[in-house]
Amino acid sequence: MSQYKKVDMETWPRRSHWNYYRNLVKAQTSMTKKIDVTNFVKWCHNNKQKFSPLLLYVFSKTVNSLECMRMFALEDGNPGIWDVVHPNYTIFHEDDKTFSDVWIEYYEDQEVFLKSFEETMNLYQNKKGIKVRENQPPNFFCISGIPWISYDSFTTSTAGDRPPMLFPVLNYGKYEEENGRLLMPVSITISHAAMDGYHEAVFFRTLQDNLNSYH
């Protein structure tokens, strides 16, 4: 069962920002940054580890380390913070150039996560349709790879007059060599009620640190 804690609106420094961006100016914010994956790619090669599953783990570890990326709205309109959020990622089908998305449980233990990823892929990688795994939990975030292109900016938005989703939508593109380093574009789109530019900078810095730990 999903667990969470309520944010104390009496003492929370961002309470006015939450109310403003959640109810009045229903804004979302996006940021793209090139991340250095040189050491990470080398580590994967030297350890015969597939790049994408381990990258999904690192993204998930980063997201779960930051409370602002585990935020959701309670029935009373105030924010809550999940204890853990699980990645919802995309599977590309080469034969018809469509994709499906599937969720997977996040495990802090890397080997347990990677084993779960392999088992999930064996079950769902050949299924077609936008949603191929049932019972997606409410505590999730979205991540999608765009490995065919290295981009400078990417934004995901939803139509309608409701506030933007509070869970982060993450995208990453093709890494390319620049000045002897392998750089990969990473984008985050999220409700301004959950994160400001400062928090996005913390996300990118934490992601880079986590990738740098593989050397």
Side-chain angles (χ1 to χ4, degrees), residues 32-66 69-70 82 84-137 139-151 154 156 167-177 181-189 203-215:
T32 298
K33 188 181 189 314
K34 290 187 177 180
I35 297 294
D36 191 328
V37 295
T38 308
N39 294 340
F40 183 76
V41 171
K42 183 178 180 181
W43 189 94
C44 288
H45 177 76
N46 290 340
N47 290 274
K48 296 180 172 58
Q49 170 62 53
K50 292 182 179 179
F51 175 83
S52 295
L54 186 57
L55 183 65
L56 181 63
Y57 169 76
V58 175
F59 270 113
S60 301
K61 178 180 178 180
T62 303
V63 168
N64 274 283
S65 70
L66 303 173
M69 302 187 78
R70 292 184 273 118
W82 295 115
V84 63
V85 289
H86 308 288
N88 187 86
Y89 65 96
T90 55
I91 301 172
F92 183 71
H93 304 297
E94 187 63 43
D95 57 347
D96 61 6
K97 305 300 187 285
T98 65
F99 75 90
S100 302
D101 69 36
V102 61
W103 63 273
I104 181 176
E105 295 91 343
Y106 170 68
Y107 296 99
E108 188 174 358
D109 185 288
Q110 175 180 302
E111 295 308 313
V112 174
F113 181 91
L114 293 176
K115 182 179 180 181
S116 177
F117 176 87
E118 182 179 2
E119 293 171 349
T120 301
M121 289 296 290
N122 288 337
L123 287 172
Y124 298 104
Q125 64 183 343
N126 294 320
K127 295 184 181 294
K128 299 292 182 68
I130 187 67
K131 295 285 185 180
V132 295
R133 184 178 184 184
E134 297 179 346
N135 302 316
Q136 178 175 303
N139 49 324
F140 72 95
F141 71 95
C142 292
I143 179 168
S144 181
I146 312 172
W148 309 278
I149 188 170
S150 180
Y151 56 82
F154 190 95
T156 302
F167 59 81
V169 178
L170 304 178
N171 298 90
Y172 62 93
K174 178 182 179 180
Y175 61 78
E176 293 184 335
E177 184 176 347
R181 307 298 293 179
L182 297 178
L183 302 183
M184 182 180 73
V186 175
S187 303
I188 176 173
T189 302
F203 161 71
F204 284 115
R205 184 168 63 246
T206 305
L207 176 63
Q208 186 68 75
D209 288 344
N210 287 334
L211 289 168
N212 289 346
S213 67
Y214 296 84
H215 53 77

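Since the model is a prediction, treat every value here as computed from it, not as a measurement.
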*Asks:* When you measure from the side chain of Ser144 to the backbone N and O of Asn171, does any donor-acceptor pair fall under 3.5 Å?
*Replies:*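 No, because the side chain of Ser144 does not come within donor-acceptor range (under 3.5 Å) of the backbone of Asn171.
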*Asks:* Do the side chains of Pro87 and Phe141 get nearer than 4.5 Å, heavy atoms only?
*Replies:*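 With C-beta onward as the side chain, the pair touches.
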*Asks:* Working to the nearest 0.5 angstrom, can you tell me the gap between Asp101 CG and Lys131 NZ?
*Replies:*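 Rounded to the nearest 0.5 Å, the CG-NZ separation comes out at 4.0 Å.
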*Asks:* Ignoring hydrogens and angles, tell me if any N or O in the side chain of Asn64 forms a donor-acceptor pair with the backbone of Val85 under 3.5 Å.
*Replies:*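 Yes; judged by distance alone, with no hydrogens or angles, the pair exists.
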*Asks:* Run the numbers on Arg205 and Thr62 for side chain to side chain contact (heavy atoms under 4.5 Å, CB included), then give the verdict.
*Replies:* CA-CA 10 Å; Arg205 184 168 63 246; Thr62 303; over 6 Å; no
*Asks:* Shortest non-hydrogen contact from Trp103 to Glu134?
*Replies:*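 Closest approach of Trp103 to Glu134: NE1-O, 3.0 Å.
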*Asks:* Measure the CD-NE2 distance between Gln125 and His93 for me, rounded to the nearest 0.5 Å.
*Replies:*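 Nearest 0.5 Å value for the CD-NE2 distance: 9.5 Å.
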*Asks:* When you look at Phe40 and Asn212, which way does the side chain to side chain contact (heavy atoms under 4.5 Å, CB included) test go after all the steps?
*Replies:* CA-CA 7 Å; Phe40 183 76; Asn212 289 346; over 6 Å; no
*Asks:* Is there a side-chain contact between Asp95 and Lys128 in this structure, where contact means two heavy atoms from C-beta onward sitting under 4.5 Å apart?
*Replies:*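 They are in contact (side-chain heavy atoms under 4.5 Å apart), so the answer is yes.
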*Asks:* Do Tyr107 and Ser116 make a side-chain contact, defined as non-hydrogen atoms from C-beta onward lying under 4.5 Å apart?
*Replies:*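 Of all side-chain heavy-atom pairs linking Ser116 with Tyr107, at least one is under 4.5 Å.
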*Asks:* Is there a side-chain contact between Lys115 and Glu119 in this structure, where contact means two heavy atoms from C-beta onward sitting under 4.5 Å apart?
*Replies:*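 They are in side-chain contact.
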*Asks:* For the residue pair Thr32 and Pro185, what are the closest heavy atoms and their distance?
*Replies:*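 Smallest interatomic distance, heavy atoms only, reads CG2-CB, 4.5 Å.
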*Asks:* Less than 4.5 Å apart, any side-chain heavy atom of Val63 and any of His86?
*Replies:*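 Result no, sub-4.5 Å side-chain heavy-atom pair not found.
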*Asks:* Nearest 0.5 angstrom please: Ile104 CD1 to Phe113 CZ, how far?
*Replies:*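 Separation between the atoms: 4.5 Å.
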*Asks:* Is there a side-chain contact between Phe92 and Trp148 (heavy atoms, below 4.5 Å)?
*Replies:*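 Phe92 vs Trp148: side chains touch.
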*Asks:* For the CD1 atom of Ile35 and the CE atom of Met184, what is their distance to the nearest 0.5 Å?
*Replies:*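 The distance works out to 7.0 Å.
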*Asks:* Answer whether the closest heavy-atom distance between the side chains of Val84 and Asn139 falls below 4.5 Å.
*Replies:*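 Side chain of Val84 against side chain of Asn139, heavy atoms only: contact under 4.5 Å found.
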*Asks:* Working to the nearest 0.5 Å, report the span between CG of Asp36 and CG of Leu182.
*Replies:*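 Between atom CG of Asp36 and atom CG of Leu182 there are 7.5 Å.
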*Asks:* Anything under 3.5 Å between a donor and an acceptor, one on a side chain of residues 51-61, the other on a protein residue two or more places apart or in another chain? List them.
*Replies:*
{"unit_1": "Tyr57", "atom_1": "OH", "unit_2": "Glu108", "atom_2": "O", "d": "2.6"}
{"unit_1": "Ser60", "atom_1": "OG", "unit_2": "Leu56", "atom_2": "O", "d": "2.8"}

*Asks:* Taking Arg133 first and then Glu105, would you say they form a salt bridge - that is, a charged N and a carboxylate O separated by under 4.0 Å?
*Replies:*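 Here Arg133 pairs with Glu105 in a salt bridge, since their nearest N and O are under 4.0 Å apart.
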*Asks:* Under 6.0 Å between ring centres, would you say that holds for Phe117 and Tyr89?
*Replies:*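 They qualify: ring centres under 6.0 Å apart.
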*Asks:* Without swapping roles, check the side chain of Lys97 against the backbone of Glu94 for a donor-acceptor pair under 3.5 Å.
*Replies:*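 Answer holds: yes.
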*Asks:* Over 60° means perpendicular and under 30° means parallel, so tell me whether Phe154 and Tyr151 are parallel, tilted or perpendicular.
*Replies:*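 Because their plane-to-plane angle lies in the 30° to 60° range, the rings of Phe154 and Tyr151 count as tilted.
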*Asks:* Going by ring pair (Phe, Tyr, Trp, His ring centres under 6.0 Å), name the residues that satisfy it together with Phe140, two or more places apart in sequence or in a different chain.
*Replies:*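 Counting only residues at least two positions away or on another chain, Phe140 forms a ring pair (Phe, Tyr, Trp, His ring centres under 6.0 Å) with Phe167.
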*Asks:* Identify whether NZ of Lys or CZ of Arg in Arg70 sits under 6.0 Å from the centre of the six-membered ring of Trp82 and within 45° of that ring's axis.
*Replies:*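 No.
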*Asks:* Could you give the distance from CZ (Phe203) to CE (Met69), rounded to the nearest 0.5 Å?
*Replies:*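 Rounded to the nearest 0.5 Å, the CZ-CE separation comes to 4.5 Å.
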*Asks:* With a cut-off of 6.0 Å (strictly less than), are more than 12 heavy atoms of other residues, nucleotides or ligands near CD of Gln49?
*Replies:*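 More than 12 within 6.0 Å, yes.
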